[in-house]
Amino acid sequence: MLRTVVTFLAAYLLFLVLWIQIKDYYGRGITVTASKVAAGVMGMRYEEMTMEGEVVWATFSPLDRRSGVLLDIPVKTSSYTFNAPLTFAIMAALYHFINKRKRAFAEGVLILILVHLVYVVSLEAKELAEVMMDRGLQAKGNSGIFIMQFILGFTENMVIRFEPFLIGFYIYMKFRK
């Protein structure tokens, strides 16, 4: 028990220091990837990404270039990456209790990345739909916006907040000794 607590605390401090150094790069990578997916889902073109502090701005344009519209969608990286060090520390604390450690940790990281991608795609798609409707470029009452709002709300309010524990539970249940 003491070994697990010490492992968790040491891993948390280590991953917190490391995460502070790399979270901006991670946030940019997630945002670029998610923006390309969101652009495809929404029938838009992903143009570019700029970063101001913890906010990544993804720029989109309609596929019809004649409109000359550019849409900037802000994504605050800390809104979905804040608990990554805790996730990694929980995974490290499980080290003594699981088999197939490399696979377990790889699956945990993959789940974390997929959750972050789903969050950013749904955020950008919802924001794009709202802006397009406000500017009259898309019909109001689109069922797609309802779906994106639901996915975003569920991911933001349930999955992102509990992901360290959900991933830890998944790893423990699947790979326990």
Query raised in the report: Between Tyr95 and Arg101, is there a cation-pi geometry (under 6.0 Å to ring centre, at most 45° from the normal)?
Result: yes

Query raised in the report: Should Leu86 and Phe165 count as side-chain neighbours, where that means a heavy-atom distance under 4.5 Å?
Result: yes

Query raised in the report: So, do Phe175 and Arg103 sit near enough that their side-chain heavy atoms are less than 4.5 Å apart?
Result: yes

Query raised in the report: Which heavy atom of Phe60 sits nearest a heavy atom of Glu47, and at what distance?
Result: C-CG, 4.1 Å

Report summary line: Sequence neighbours excluded, the answer for side chain to side chain donor-acceptor pair (under 3.5 Å) partners of Lys174 is Glu107, Tyr170

Query raised in the report: Can you get from Leu13 to Phe8 by hopping between Ile, Leu, Val, Met, Phe, Trp and Tyr side chains that sit under 4.5 Å apart?
Result: no

Query raised in the report: To the nearest 0.5 Å, how far apart are NZ in Lys76 and OH in Tyr80?
Result: 12.5 Å

Report task. Please assess Phe97 against Thr4 for the test side-chain contact (heavy atoms from CB on, under 4.5 Å), listing each intermediate value before the final yes or no. Result -> CA-CA 9 Å; Phe97 302 103; Thr4 304; 3.3 Å; yes

Report summary line: Residues passing the side chain to side chain contact (heavy atoms under 4.5 Å, CB included) test with Val41, sequence neighbours excluded, are Val37, Met148

Query raised in the report: Are Trp19 and Val120 joined in one hydrophobic group, where the rule is that I, L, V, M, F, W and Y side chains link up if heavy atoms are under 4.5 Å apart?
Result: yes

Requested in this report: Report, as yes or no, whether the 6.0 Å neighbourhood of atom CZ on Phe169 holds more than 12 heavy atoms from other residues, nucleotides or ligands.
Outcome: no

Query raised in the report: Hey, mind stepping through Glu54 and Thr77 against side-chain hydrogen bond (donor to acceptor under 3.5 Å, both in side chains) and telling me if it holds?
Result: CA-CA 6 Å; Glu54 286 190 357; Thr77 57; 5.0 Å; no

Query raised in the report: Are Met51 and Thr31 close enough that some pair of their side-chain heavy atoms sits under 4.5 Å apart?
Result: no

Query raised in the report: Are any non-hydrogen side-chain atoms of Glu124 and Ser35 less than 4.5 angstrom apart?
Result: yes

**Report entry** Remaining members of the apolar cluster that contains Val6, side-chain heavy atoms under 4.5 Å
**Finding:** Leu2

**Report entry** Cluster link Val56 to Ile22, ILVMFWY, side chain under 4.5 Å
**Finding:** no

Query raised in the report: Do Ile167 and Leu112 touch side chain to side chain, with heavy atoms closer than 4.5 Å?
Result: yes

Query raised in the report: Should Tyr26 and Thr81 count as side-chain neighbours, where that means a heavy-atom distance under 4.5 Å?
Result: yes

Query raised in the report: For the atom pair CD (Glu127) and CG (Asp72), what is the distance rounded to the nearest 0.5 Å?
Result: 12.0 Å

Query raised in the report: Taking side chain as C-beta onward, heavy atoms only, is Tyr46 less than 4.5 Å from Thr59?
Result: no

Query - Distance-minimising heavy-atom pair for Ala104 and Ile171 - result: O-CD1, 3.6 Å

**Report entry** Ser79 side chain to Val75 backbone, donor-acceptor under 3.5 Å
**Finding:** no

Report summary line: For Ala125 and Met42 the tightest heavy-atom approach is O-CE, 3.7 Å

Query - Separation between CD of Gln149 and CG of Leu123, rounded to the nearest 0.5 Å - result: 11.5 Å

Requested in this report: State yes or no: do Leu71 and Val121 share one hydrophobic cluster built from I, L, V, M, F, W and Y residues joined by side-chain heavy-atom distances below 4.5 Å, directly or via other members?
Outcome: yes

Report task. Answer yes or no: is there a side-chain heavy-atom contact under 4.5 Å between Pro62 and Arg45? Result -> no

Report task. May I ask you to list the residues sharing a hydrophobic cluster with Trp57, side-chain cutoff 4.5 Å, ordered by chain and number? Result -> Val55

Query raised in the report: Does Ile20 belong to the same Ile/Leu/Val/Met/Phe/Trp/Tyr cluster as Tyr12, with side-chain heavy atoms less than 4.5 Å apart forming each link?
Result: yes

Report summary line: Applying ring pair (Phe, Tyr, Trp, His ring centres under 6.0 Å) to Phe105 and not counting sequence neighbours gives none

Which donor-acceptor pairs under 3.5 Å do side chains of residues 150-164 form with protein atoms, sequence neighbours excluded?
| unit_1 | atom_1 | unit_2 | atom_2 | d |
| --- | --- | --- | --- | --- |
| Thr155 | OG1 | Ile151 | O | 2.7 |
| Glu156 | OE2 | Tyr119 | OH | 3.4 |
| Asn157 | ND2 | Gly153 | O | 3.1 |
| Glu163 | OE2 | His116 | NE2 | 3.2 |

